[in-house]
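Letters go in sequence order (proteins before strands), and every chain restarts at 1. Treat the numbers as computed from the prediction; the structure is a model and nothing was measured.
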There are 2 protein chains.
Amino acid sequence: MAGVSTATVSRALANPEKVSEATRAKVAQAVRETGYSPNAAARSLRRSESKTIVVILPDIANPFFSDVISGLEEVAHSAGYKVLLGDSAHDPKRAQDYFDLVPTNQADGIILLTTEIPYTLVKDRQLKSGFPLVMACEYFDDLELPTIYVDNEKGASKAIDYLLDMGHTHIASISGPISNPICRDRHQGFLNCLRKKQLNFDEKYLRQGDFSFSAGYQQGRVLLQMKDRPTAFFCHNDEMAVGVIKAARDLDLKVPGDVSVVGFDNIKFGEYCEPELTTVHQPREDIGRQAMKMMLDILASNDVPIRQTLRTQLIVRGSAGAKPQTH
Amino acid sequence: MAGVSTATVSRALANPEKVSEATRAKVAQAVRETGYSPNAAARSLRRSESKTIVVILPDIANPFFSDVISGLEEVAHSAGYKVLLGDSAHDPKRAQDYFDLVPTNQADGIILLTTEIPYTLVKDRQLKSGFPLVMACEYFDDLELPTIYVDNEKGASKAIDYLLDMGHTHIASISGPISNPICRDRHQGFLNCLRKKQLNFDEKYLRQGDFSFSAGYQQGRVLLQMKDRPTAFFCHNDEMAVGVIKAARDLDLKVPGDVSVVGFDNIKFGEYCEPELTTVHQPREDIGRQAMKMMLDILASNDVPIRQTLRTQLIVRGSAGAKPQTH
DNA sequence: CTGAAAGCGCTTACAG
DNA sequence: CTGAAAGCGCTTACAG
């Protein structure tokens with residue numbers, strides 16, 4: 001229709017500078033009239049790239065991830081990449097399926113936001129050097145994977161130092177799964193602070209949850225019903241912290257009058273609960289942006305650092321206060 | 001390696017019943033040894049289908065959508081389809097890009113969870129009969145699009161009848177954008193209930209928000225500072241309802257003692273705020289499942305209904321109570 | 001600056 | 001039940 005070969009059309013569309021201005025105009029006109037759009041499958045086949053990055057996350061419903069995703073998409077989009085979101089929570093077979101998108105050329109790389117997938121899956125891929133795999137938010141401690149996350153030990157320390165400064169000595173921890181390295185780091189930060197003050201940690205004050213509201217509620221309830229109940233809680237995420245606050249309310253305990261609660265993540269909702277949540281902020285969009293930049297660097301065969309950490313920030317609101325006098 | 005032609009390998013993998021058992025075994029063995037995986041781009045090109053469905057939603061951070069997505073993915077996955085999530089919120093150009101995935105063969109269909117995208121985009125596609133487009137949760141009232149959503153008018157009526165039964169006569173409404181048909185339906189349900197009781201609606205009690213926490217907070221604050229402030233609020237979603245509760249708290253008003261608040265959607269978080277939220281439940285996973293089934297029906301050239309509605313349910317918790325005596 | 005031609009890796013109608 | 005062959009729609013090295 002433009003009176004030129006398909007080769008020229010291809011060039012006019014993909015590398016306009018390789019084509020004369022007159023031809024470019026004719027092609028553009030014909031494209032407009034016909035409503036032509038290039039077939040992406042054919043292009044993928046020819047170029048062996050899909051311009052798609054898969055992001056595997058444990059739970060779409062967790063508001064923590066939405067900001068990470070925004071950051072990820074921002075960078076991806078401006079580089080002409082699409083983001084395919086994969087929820088792995090329900091079964092490990094799904095994670096497998098998502099990983100398989102790379103060898104089948106449906107995706108160019110994988111960004112992992114969770115360690116809750118079969119370890120061998122990651123290990124095998126990581127061994128093939130050149131498999132484009134980036135980890136964000138969490139990490140595997142025995143794998144040399146390009147990773148971007150927050151200094152969890154320091155983050156926890158900020159929360160615990162704050163509670164110690166308010167006089168608390170009986171501090172409980174509602175941790176995420178202790179198999180998770182970031183949870184171990186946070187717990188380490190916790191212990192370090194106690195040690196500096198020559199305080200011992202009583203193991204009965206440590207409970208594990210799965211980062212859900214209800215885990216926080218259940219574990220909080222158990223701890224609050226102990227005869228020497230803790231006067232403060234450090235929770236490994238905000239949803240569990242909100243669960244603890246509800247447990248306290250149900251037991252007629254005031255927050256922060258009777259119990260102080262500190263969360264982790266700084267999700268939006270923390271500003272709207274009662275009392276407003278004191279928490280440790282993670283720069284979620286930044287994590288997302290950096291992770292996608294790392295991925296693009298890998299795909300461009302640039303060098304990428306193995307691990308990179310960002311800073312947290314203690315956000316002081318109303319859910320933590322002085323240790324109660326009577327205790 | 002299996003000593004057969006590529007045609008036979010292809011058949012052994014895609015239509016095992018067309019191949020002898022011995023051959024099938026040889027192929028399977030070779031696949032295992034080589035780690036072969038078929039190139040999806042080539043398959044897409046040949047079959048002209050991508051087995052990918054794009055879902056366009058206004059805001060990934062809104063927890064309302066995560067359950068819809070679960071339902072969508074459940075059905076998609078079991079039919080061998082992938083789901084590509086697209087956040088359209090930030091700019092309309094993105095929505096355009098997502099729509100373009102269909103003519104370029106990168107996606108087989110579009111599921112829309114929002115009306116907040118350029119209208120012409122949808123209109124043009126809808127005119128091309130056969131363009132695989134399904135709408136869920138919301139709808140365009142002047143477009144004949146296969147749509148699955150909830151009976152919003154009835155849903156609102158359940159909330160309002162409940163408030164009227166408790167003696168409230170000054171009920172405020174914090175609506176979503178009134179340009180949104182589902183918001184008009186909800187408001188209509190509201191007005192119908194008042195009319196049945198011979199009550200007039202005072203327009204000053206109607207405020208619009210954008211479904212965010214902060215919109216609920218701001219509009220709630222304005223309404224609660226009126227001299228004849230309402231004794232009850234009907235909010236078009238739960239986040240705005242939570243915002244109103246916070247506004248009441250900041251003004252030293254008790255919920256539900258001084259003000260009753262009812263939300264819409266029944267998001268998880270409603271169970272963890274104080275007081276727990278009374279709200280109208282939407283069967284979100286069902287909506288998702290049905291929407292994806294409609295899409296698969298369209299792709300299989302089966303007939304699909306233009307509009308299908310599901311039922312809501314009033315969830316009574318603690319945020320709404322009797323009209324205060326003193327008022 | 002442009003065209004002819006080859007080839008990316010599948011799938012499938014056709015022939016045997 | 002199996003193979004040879006064509007073709008899906010691009011892109012790009014090569015030649016002019």
Side-chain angles (χ1 to χ4, degrees), chain A residues 1-52 80-82 97 100-109 130 132 299-300, chain B residues 1-52 80-82 97 100-109 130 132 299-300:
Chain A
M1 177 152 175
V4 297
S5 72
T6 59
T8 300
V9 173
S10 177
R11 280 188 283 253
L13 263 33
N15 307 86
E17 75 284 1
K18 289 191 178 174
V19 152
S20 78
E21 197 168 331
T23 313
R24 219 182 302 155
K26 275 189 294 178
V27 171
Q29 174 63 17
V31 164
R32 236 172 287 124
E33 286 179 29
T34 55
Y36 166 81
S37 47
N39 181 308
R43 172 177 293 171
S44 287
L45 175 57
R46 179 57 224 241
R47 293 202 185 153
S48 43
E49 64 173 16
S50 62
K51 292 281 181 186
T52 301
Y81 279 79
K82 286 170 294 298
D97 288 350
D100 286 346
L101 259 25
V102 173
T104 61
N105 251 293
Q106 292 184 88
D108 297 340
L299 295 176
Chain B
M1 176 152 175
V4 298
S5 71
T6 59
T8 299
V9 172
S10 176
R11 279 188 285 254
L13 262 33
N15 308 88
E17 76 283 0
K18 290 192 177 171
V19 152
S20 79
E21 197 168 329
T23 313
R24 219 182 302 154
K26 275 188 295 178
V27 171
Q29 174 63 18
V31 164
R32 236 172 288 125
E33 286 180 27
T34 55
Y36 166 82
S37 47
N39 181 308
R43 172 176 292 171
S44 286
L45 176 58
R46 179 60 223 241
R47 292 203 185 154
S48 44
E49 64 173 16
S50 62
K51 291 284 182 183
T52 300
Y81 278 80
K82 286 171 293 299
D97 288 350
D100 286 346
L101 259 26
V102 172
T104 61
N105 251 294
Q106 293 184 86
D108 296 340
L299 295 176

Do Q106(B) and K51(A) pair up side chain to side chain, a donor and an acceptor below 3.5 Å, judged on atom types alone? no
Is R24(A) reaching over with its side chain to a backbone N or O of P16(A), donor-acceptor style, under 3.5 angstrom? yes
Range-with-range stems for DNA chain C, at least three Watson-Crick or G-U pairs under 3.5 Å: C:1-3 with D:14-16, C:5-12 with D:5-12, C:14-16 with D:1-3
Atom CD of E21(A) with >12 non-hydrogen neighbours under 6.0 angstrom: no
Mind checking if R47(B) touches a base, just sugar-phosphate, or nothing, with heavy atoms under 4.0 Å? sugar-phosphate
Could you say whether S10(B) or T23(A) is positioned toward the 5' end of DNA chain C, judged by the nucleotide with the nearest heavy atom to each? T23(A)
Under a 3.5 Å threshold, yes or no: a donor from one side chain and an acceptor from the other, between N105(B) and S50(B)? no
Hey, where on DNA chain D does chain B first and last touch, going 5' to 3'? Cut-off is any atom under 4.0 Å from a heavy atom. dC1(D) to dG9(D)
For R43(A), report the nucleic acid contact type (base, sugar-phosphate, nothing); a contact means any heavy atom under 4.0 Å. sugar-phosphate
Can you tell me how far P in dC1(D) sits from the matching atom in dA5(D), rounded to whole Å? 23 Å
Within the distance-only criterion (no hydrogens, no angle test), does the side chain of T104(B) pair as donor or acceptor with the backbone N or O of D100(B) below 3.5 angstrom? yes
Which is true for S20(B) with a 4.0 Å heavy-atom rule: it touches a base, it touches only sugar-phosphate, or it touches nothing? sugar-phosphate
On DNA chain D, does the nearest nucleotide to R46(B) precede the nearest nucleotide to V19(B) from the 5' side, or the other way round? Give the residue. V19(B)
Are the side chains of L45(A) and N39(B) in touch, meaning some heavy atoms are under 4.5 Å apart? yes
Check for a donor-acceptor pair, side chain of T23(B) on one end and backbone N or O of V19(B) on the other, with a separation under 3.5 Å. no
Considering only atom C1', compute the distance from dT12(C) to dG16(C) and round it to an integer number of Å. 16 Å
Side-chain donor or acceptor of S44(B) paired with backbone N/O of E49(B) under 3.5 Å: yes
